[in-house]
There are 2 protein chains.
Amino acid sequence: MSFYSPGETAEKSGFSIDTLRYYEKIGLLSGIARNASGRRVFSDDDLQWLEMLRCLRGTGMPIAEMLRYSELARGGDETVQERLELLQEHDRRVEEQIAELRTRQEQIQWKIRLYSGTLCEGLPA
Amino acid sequence: MSFYSPGETAEKSGFSIDTLRYYEKIGLLSGIARNASGRRVFSDDDLQWLEMLRCLRGTGMPIAEMLRYSELARGGDETVQERLELLQEHDRRVEEQIAELRTRQEQIQWKIRLYSGTLCEGLPA
DNA sequence: ATCCCACCTGGAGCGCACTCCAGGTCAACA
DNA sequence: TGTTGACCTGGAGTGCGCTCCAGGTGGGAT
């Protein structure tokens with residue numbers, strides 16, 4: 001079991017120190033330990049939790065919903081069902097998101113081919 | 001060739017009327033016709049352009065870059081090369097975006113399986 | 001004639017998710 | 001002993017992309 005300074009944690013988690021502080025303030029991070037002089041000390045568990053937060057944020061989950069998830073996580077075993085449903089619902093939205101991105105991307109690629117064609121036409125034979 | 005009121009255009013394009021006005025104001029939409037009483041009249045061409053804008057916005061292109069693209073589009077044939085490069089670069093970013101979403105989604109799905117497992121264990125035999 | 005409704009304008013306001021700042025503390029190193 | 005640098009706090013500020021508002025106009029139905 002290792003411990004990490006805010007700076008290390010920022011680097012490992014990909015969140016800025018300011019964001020870590022912000023997440024603690026709003027309740028996305030709870031029970032972060034402090035050393036004798038009041039500085040934050042992050043554990044491996046904290047890092048794992050941050051990785052989860054990264055997955056959720058990185059797939060577009062709004063902070064408010066992540067907050068809900070954190071509350072459930074704090075609630076222990078009784079909330080597993082609810083957490084499961086929340087993640088499944090989110091997973092569905094991510095799927096849709098990817099599908100829409102693909103569709104839009106195809107249209108953009110179509111346009112790219114069109115432009116490429118235009119350029120070729122202009123070429124000397 | 002048909003013409004469309006702002007309301008129709010909003011419905012067809014998926015942008016709100018306010019957003020259409022905003023886009024015209026900042027220069028993403030140019031040369032939108034007006035009728036005798038000053039109201040906007042959108043053409044099929046405008047609608048096609050809006051569809052393109054939707055693709056770009058919907059895949060996360062920032063307004064500033066769309067503005068760049070619009071300027072190029074107004075520049076005529078000489079800018080085809082540049083437009084091509086812009087779209088290709090964007091296409092690359094969309095690809096990355098999708099890849100990251102997939103990675104994150106897999107981690108979330110792993111978590112979902114974990115929760116499902118937890119629930120099954122608790123089941124009576 | 002009057003009412004309504006869709007539209008017009010310039011400009012203010014909003015929600016989100018950070019990000020920055022001023023002023024302070026503490027530990028380590030020169 | 002002084003300086004540096006990483007960290008602390010509460011709170012203000014930022015950037016983006018809209019979204020809303022007040023006050024006004026014009027055209028068609030009643």
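- Once you apply a 4.0 Å limit to the heavy atoms of chain B, the touched nucleotides of DNA chain D run 5' to 3' over D/dG17 to D/dG26.
- Contacts between residues 21-42 of chain A and DNA chain C, defined by a heavy-atom separation below 4.0 Å, involve A/Y22, A/Y23, A/S37, A/R39, listed by number.
- A donor-acceptor pair under 3.5 Å is formed between the side chain of A/Q97 and the backbone N or O of A/T59.
- Side chain of A/D91 to backbone of A/Q88: no donor-acceptor contact under 3.5 angstrom is found.
- Residues B/N35 and B/S37 bring a donor and an acceptor atom of their side chains to less than 3.5 Å of each other.
- Across the protein-nucleic acid pair, A/R57 atom CZ and C/dA17 atom C1' stand 7 Å apart, rounded to whole Å.
- The interatomic distance linking A/L53 (CG) with C/dC18 (P) rounds to 10 Å, in whole Å.
- Annotation for A/E11: atom CD does not count as buried by contact number, only 12 or fewer foreign heavy atoms lying within 6.0 Å.
- Ring centroids of B/F15 and B/Y23 are separated by less than 6.0 Å, placing the two rings close together.
- Within the 3.5 Å criterion, the main-chain N or O of B/L56 finds no donor-acceptor partner in the side chain of A/R104.
- Between the side chain of A/R57 and the backbone N or O of A/M61 there is at least one donor-acceptor pair closer than 3.5 Å.
- Within 6.0 Å of the CD atom in B/E78, the count of heavy atoms belonging to other residues, nucleotides or ligands does not exceed 12.
- Minimum interatomic distance between B/Y115 and A/R83 (heavy atoms only, all atoms of both residues): OH-NH1, 3.0 Å.
- Taking atom CG of residue A/L67 and atom C1' of nucleotide C/dC16, one finds them 14 Å apart after rounding to whole Å.
- Computed from coordinates, the A/L20 CG to C/dA17 P distance equals 16 Å when rounded to whole Å.
- A donor-acceptor contact shorter than 3.5 Å links the side chain of B/R54 to the backbone of B/S13.
- Following rounding to the nearest Å, A/E65 (CD) and C/dC16 (P) show an atom-to-atom distance of 13 Å.
- Heavy-atom contacts from other residues, nucleotides or ligands closer than 6.0 Å to CG of B/D77 number 12 or fewer.
- Terminal axes of the helix from C/dA1-D/dT30 to C/dA30-D/dT1 (five pairs each, C1' rotation axis) are separated by 10°, to the nearest 10°.
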